There are 2 protein chains.
Amino acid sequence: MGLLIQSNFDPKEQQINISITGNKRQRLKQQNQLTLIKAALDCIAELGVRQTSVSEIIQRAGLSRGMIHLHFGGKDQLLIAAGHYASKLYYDHLETQLLGVNDCPQKIIEAVVRSDLSPAVLNQHNVNIWYAFRGEARHFKDIVSFSDTRDPRLRKLVSNAYQRLAIQNEALQPEQARALAKEATYGTLCLMEGMWTDYLLHTDSFDRHKALRIIMRFQAALFPAYFNLDGAIPTKDQ
Amino acid sequence: MGLLIQSNFDPKEQQINISITGNKRQRLKQQNQLTLIKAALDCIAELGVRQTSVSEIIQRAGLSRGMIHLHFGGKDQLLIAAGHYASKLYYDHLETQLLGVNDCPQKIIEAVVRSDLSPAVLNQHNVNIWYAFRGEARHFKDIVSFSDTRDPRLRKLVSNAYQRLAIQNEALQPEQARALAKEATYGTLCLMEGMWTDYLLHTDSFDRHKALRIIMRFQAALFPAYFNLDGAIPTKDQ
DNA sequence: TGTTAGTATGGACGCTCGTCCATTTTATGC
DNA sequence: GCATAAAATGGACGAGCGTCCATACTAACA
């Protein structure tokens, strides 16, 4: 069974399967749903929310007008499903990056940051989509949940790693260690967010290497024993 | 003469005066323009871009339908003018905060951060507006310029202050000092951006004191001689 | 192979959008 | 106080929106 994404449409099928399974009929249905989701995301990325219309989506999907209503109940629900899908892609990439990492806290944190800044995740397409949803987040409650990179999953992953580093420092009281870990988590995630905004507004001059270096610097300042700046070498080109 | 904001409407009057001056006729005109701008911002903050329509704006402004076209040439140009106005308010607040500060680099940087995090600037209304514009930034070129907190003005202000701190450190080569100042500027601005995103997505649990403290911590790590964590006391409540 | 039920189609619908302009109002300067 | 031009008004307009549904298709199963 594949991962599921939520839809608010038919209560009987509140979840739409993202993986393509079942007999031919089910496969075609799921394929069309995915096509619609991807078309919607392309639309948002290229044209923005304001210009993303049902006509635009179905034209890109090459499917018929009625399918949005049929499969998602309406345009808004399709957009919500698309948001969940985009969020899923973010975490899918993170998980693949975490696979090659042993249980070492520094490596986990580094993998999170590297994944967040990697070209596969941090690119024009995704940044456009993310900020488009966030622009509507406050007025479209369902969107908040997935427009947050730092949702509880990610936060907990990073927080746990920092906790483990902090308690290794015998000079700190347990409570001090907890406080340090909290601040490190907050700062790291804020920096990651800030980098995305930088990418949105200064795409042409954005430098992944520099971005990674700044975050490493912050970590090195809080945990001098565990991080050094030499790690700040990009995984791939630009 | 007051500050001016740009409009793309009539080439003969490419700028719309924000200050209220001149005879009665001019004052009324400027007042109505400002009313429209404020109504548009309220709309965006409360309803989002998607629901911000001409009808909604003029209803809130209590003015007639045709005024948007008359004064701004169309809805989009009004929104652009509104964006410039919002940006102006940000810098106006910053300037008042800088007035009481002498030429000390640390104090300047602290004033920038405190202003950015102050309730007068970082609040639901403004965050909604800022992210609404950013959501359209990529597809609405005119918007990029003012949706950027870190526009050249702010960047230069912070950068110059850090430069002055860095060159005071005699242990650093001039080039190292420059690099340090650049990283400090980048990191500080990214953290500020990250805090705004945190506010957007976690308004209820957002803590200005904690946010300020993290930024101070980053600064203290890069300039241990000039920043300490005790400065992290909020100017007001919340 | 025939029946059925799940899926797909695309046009019609009512509605709201932003624009524009003929008309009215009103401050200004002679 | 009158003539003038600037500013304000609000309804009409066509275009485009999202929704919905009568109809057509087709995979599944007996």
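Every value quoted in this text rests on a predicted model; they were computed, and no experiment measured them.
- With C/dT19, C/dA8, D/dT19 as the candidates, the nucleotide lying closest to the side chain of B/Arg65 is C/dT19.
- Put simply, CG on B/Leu79 is 12 Å from C1' on C/dG18, counting in whole angstrom units.
- Counting heavy atoms of neighbouring residues, nucleotides and ligands inside a 6.0 Å radius, atom NZ of A/Lys75 exceeds 12 of them.
- Nucleotide C/dG11 holds its P atom 16 Å from the CE atom of A/Met67, rounded to whole Å.
- Under 4.0 angstrom from either OP1 or OP2 of D/dA7 there lies no side-chain N or O belonging to B/Asn32.
- With A/Arg60 as the fixed residue, the side-chain contact (heavy atoms from CB on, under 4.5 Å) test singles out one of A/Asp42, A/Thr35, A/Thr52: A/Asp42.
- The distance from atom CD1 of A/Ile68 to atom C1' of D/dG18 is 9 Å, rounded to the nearest whole Å.
- As rounded to whole Å, 14 Å separates atom P of D/dG18 from atom CG of A/Leu36.
- Distance B/Ile57 CD1 to C/dT19 C1': 14 Å, rounded to the nearest Å.
- In this entry the distance linking NZ of A/Lys29 with C1' of C/dA8 reads 12 Å, nearest Å.
- Within the structure, a side-chain polar atom (N or O) of B/His69 is placed less than 4.0 Å from OP1 or OP2 of C/dC20.
- The backbone N or O of B/Asp142 lies less than 3.5 Å from a partner atom in the side chain of B/Ser145, making a donor-acceptor pair.
- Residue B/Ser64 places its side chain closer to D/dA8 than to any other of D/dA8, C/dG18, D/dG18.
- At whole-Å resolution of the value, CD1 in A/Ile58 and C1' in D/dG16 are 13 Å apart.
- For A/Thr52 and B/Leu63, each mapped to the nucleotide of DNA chain D holding its nearest heavy atom, the one lying further toward the 5' end belongs to B/Leu63.
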* Indicate for each nucleotide in nucleotides 23-30 of chain D, in 5' to 3' sequence, whether protein heavy atoms under 4.0 Å reach the base (B), only the sugar-phosphate (S), or nothing (-). => ---BBS--
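- Remark: P of C/dT9 and CG of A/Leu70 are 10 Å apart, rounded to the nearest angstrom.
- The distance from atom CG of B/Leu94 to atom CZ of B/Arg153, rounded to the nearest 0.5 Å, is 9.0 Å.
- Within 4.0 Å (heavy atoms only), B/Asp76 reaches no atom of the nucleic acid at all.
- Looking only at distances, a side-chain donor or acceptor of B/Asn123 sits under 3.5 Å from a matching main-chain atom of B/Ala120.
- A salt bridge links B/Asp76 with A/Arg50: the distance from a Lys NZ or Arg NE/NH1/NH2 to an Asp or Glu carboxylate oxygen falls below 4.0 Å.
- For the pair A/Val49 and A/Phe133, the minimum side-chain heavy-atom distance is 4.5 Å or more.
- Within the 4.0 Å cut-off from OP1 or OP2 of D/dG16, not a single side-chain nitrogen or oxygen of A/Ser55 is found.
- Between C/dT16 and B/Ser53, no contact under 4.0 Å exists linking OP1 or OP2 to a side-chain N or O.
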